[in-house]
Participant: 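Mind having a look at this structure? Questions to follow.
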Amino acid sequence: MPELPEVELVTRTLNTLISGRKIVGAKLIREKLAPHHTKAGFTKLIKGSKVNFAHRRGKHILIDLDNDRTLMVHLRMSGRFMLLPEERELPKFTHAIFDLDTGERLVFQDQRHFGFMRVEKTSALPRAKELVSLAPEPFSDEFSLEYFQGVISKSSRSLKEFLLDQTKVLGLGNIYACEAMFLAKVNPRKPAHTVPKRKIELLFMMISQVLNESIRFSKKLRIDPENIDGSYFGGAHGNHWRVYDREGEQCVECGAKIKRIPQGGRSTYFCPHCQR
DNA sequence: ACCCTCACCTGCACGC
DNA sequence: TGCGTGCAGGTGAGGG
């Protein structure tokens, strides 16, 4: 489910809950969750290590262990972690379990089976194929207006599809892409390279704004360790989307009806009057 | 190198 | 009630 702010929240929560903990047991239940490993190999790489800290790159969660290994995790649509008491029954769709020295279990649960894990040498992380072609982090200096102008002017895809391409712009998903385009008053259907310069600048600022405001919002939330799924925005923030999931409702700016159109097999929500 | 479609899963909300 | 359809906050493979 998560986009960058949600992944950031999950990462921060994991850091609080499990850094410094020893992993006394690791079990891969659904082998396809970590297709690069066998069940036994997965256990061997992790068991007995201690968690140094959790960080992230884009929407990938990176859990550094003290044995020069990093557990890379992508939640995709429905992956989540749960820190459960020892005797608690395992939830449906539990695909991996990490036993901690506290007696608790960190469970990875994923209803749709899209999630992904891989253990990689920490020193080799920068070359990991999942990470190597990702765009710069949106809050880094490298993600500059000049960079953004450069990539947007080379893309002939629709603006919406361009914004979802993690090798061009990192961290947006379907919601924040729609929200950023709405704030910048840009038409999601226009080929990316035809967006006028002034709107590119505005869009660049709005990308930061939507990501930032959600991260700020997430810092006020109290996270349930038994449900670290990053879906808190849906509940607490759910009515605050400006256009996303508001088909047929009135635009908060002009009152026109919000439209939903398919783009790249997914729904784009926008105001046809404001975003021209 | 780019772009497009499909594939990966389950569950839920909807209309008939 | 049941069944079929479309949709869900993501990406990768494989084709052109």
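Note that these values count all heavy atoms, side chains included, but never hydrogens, waters or copies made by symmetry. Numbered from 1 within each chain, the chains take letters A, B, ... in sequence-line order.
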Participant: Check whether A:Phe139 and A:Phe143 end up in the same hydrophobic cluster, where Ile, Leu, Val, Met, Phe, Trp and Tyr are linked by side-chain heavy atoms less than 4.5 Å apart.
Facilitator: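 Same hydrophobic cluster.
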Participant: Calculate the interatomic distance between A:Arg266 atom CZ and C:dC7 atom P; express it in whole Å.
Facilitator: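 Rounding to the nearest Å, CZ of A:Arg266 and P of C:dC7 are 13 Å apart.
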Participant: Any heavy-atom pair between the side chains of A:Tyr147 and A:Gln149 that's under 4.5 Å?
Facilitator: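 A:Gln149 does not reach A:Tyr147 side chain to side chain.
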Participant: How is A:Lys92 classified with respect to the nucleic acid when contacts are heavy atoms under 4.0 Å: base, sugar-phosphate, or nothing?
Facilitator: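 Since only primed, P, OP1 and OP2 atoms lie under 4.0 Å of A:Lys92, the category is sugar-phosphate.
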Participant: To the nearest Å, give me how far apart CE (A:Met117) and P (C:dG10) are.
Facilitator: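 So the CE-P distance, A:Met117 to C:dG10, works out to 18 Å.
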Participant: Would you kindly give the CZ-to-P distance between A:Arg76 and B:dC9, to the nearest whole Å?
Facilitator: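 That distance rounds to 12 Å.
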Participant: Does the side-chain ring of A:Phe114 sit on the six-membered ring of the C:dT11 base, less than 5.5 Å centre to centre and under 30° in tilt?
Facilitator: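 So no, this residue does not stack on that base, at least one cut-off failing.
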Participant: Find the distance A:Arg112:CZ to B:dC8:P and express it as a whole number of Å.
Facilitator: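 From A:Arg112 CZ to B:dC8 P: 13 Å.
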Participant: Expressed in angstrom and rounded to an integer, what is the separation of A:Tyr269 atom OH from C:dA8 atom P?
Facilitator: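 Between P of C:dA8 and OH of A:Tyr269: 5 Å.
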Participant: Take atom CZ of A:Arg80 and atom C1' of B:dC9, then tell me their distance rounded to the nearest Å.
Facilitator: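 Computing the A:Arg80:CZ to B:dC9:C1' distance gives 16 Å.
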Participant: Which value, in whole Å, describes the distance between the P atoms of nucleotides C:dA13 and B:dC9?
Facilitator: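 Between the two P atoms, the distance is 15 Å.
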Participant: On the nucleotide C:dA8, are OP1 or OP2 found under 4.0 Å from the side-chain N or O atoms that A:Ser267 carries?
Facilitator: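 Indeed, a polar side-chain atom of A:Ser267 lies that close.
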Participant: Within the structure shown, what part of the strands sits under 4.0 Å from A:Phe116 by heavy-atom distance: base, sugar-phosphate, or nothing?
Facilitator: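 Nothing, no nucleic acid heavy atom in range.
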Participant: Can you check the A:Lys129 NZ to C:dA13 P distance for me, whole Å?
Facilitator: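 Taking NZ of A:Lys129 and P of C:dA13, I get 5 Å after rounding.
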Participant: Are OP1 or OP2 of C:dG10 and a side-chain N or O of A:Lys59 less than 4.0 angstrom apart?
Facilitator: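 Checking C:dG10 against A:Lys59, a side-chain N or O does come within under 4.0 Å of OP1 or OP2.
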Participant: For the ring pair A:Trp241 and A:Phe182, is the centre-to-centre distance below 6.0 Å?
Facilitator: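 No, the ring of A:Trp241 stays outside the 6.0 Å limit from the ring of A:Phe182, centre to centre.
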Participant: Are OP1 or OP2 of C:dG10 and a side-chain N or O of A:Gln166 less than 4.0 angstrom apart?
Facilitator: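 So the side-chain polar atoms of A:Gln166 never come under 4.0 Å of the phosphate oxygens OP1 or OP2 of C:dG10.
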Participant: Nearest whole Å is fine: how far is B:dC3 C1' from A:Asp165 CG?
Facilitator: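 Taking atom C1' of B:dC3 as the reference, CG of A:Asp165 is at 10 Å.
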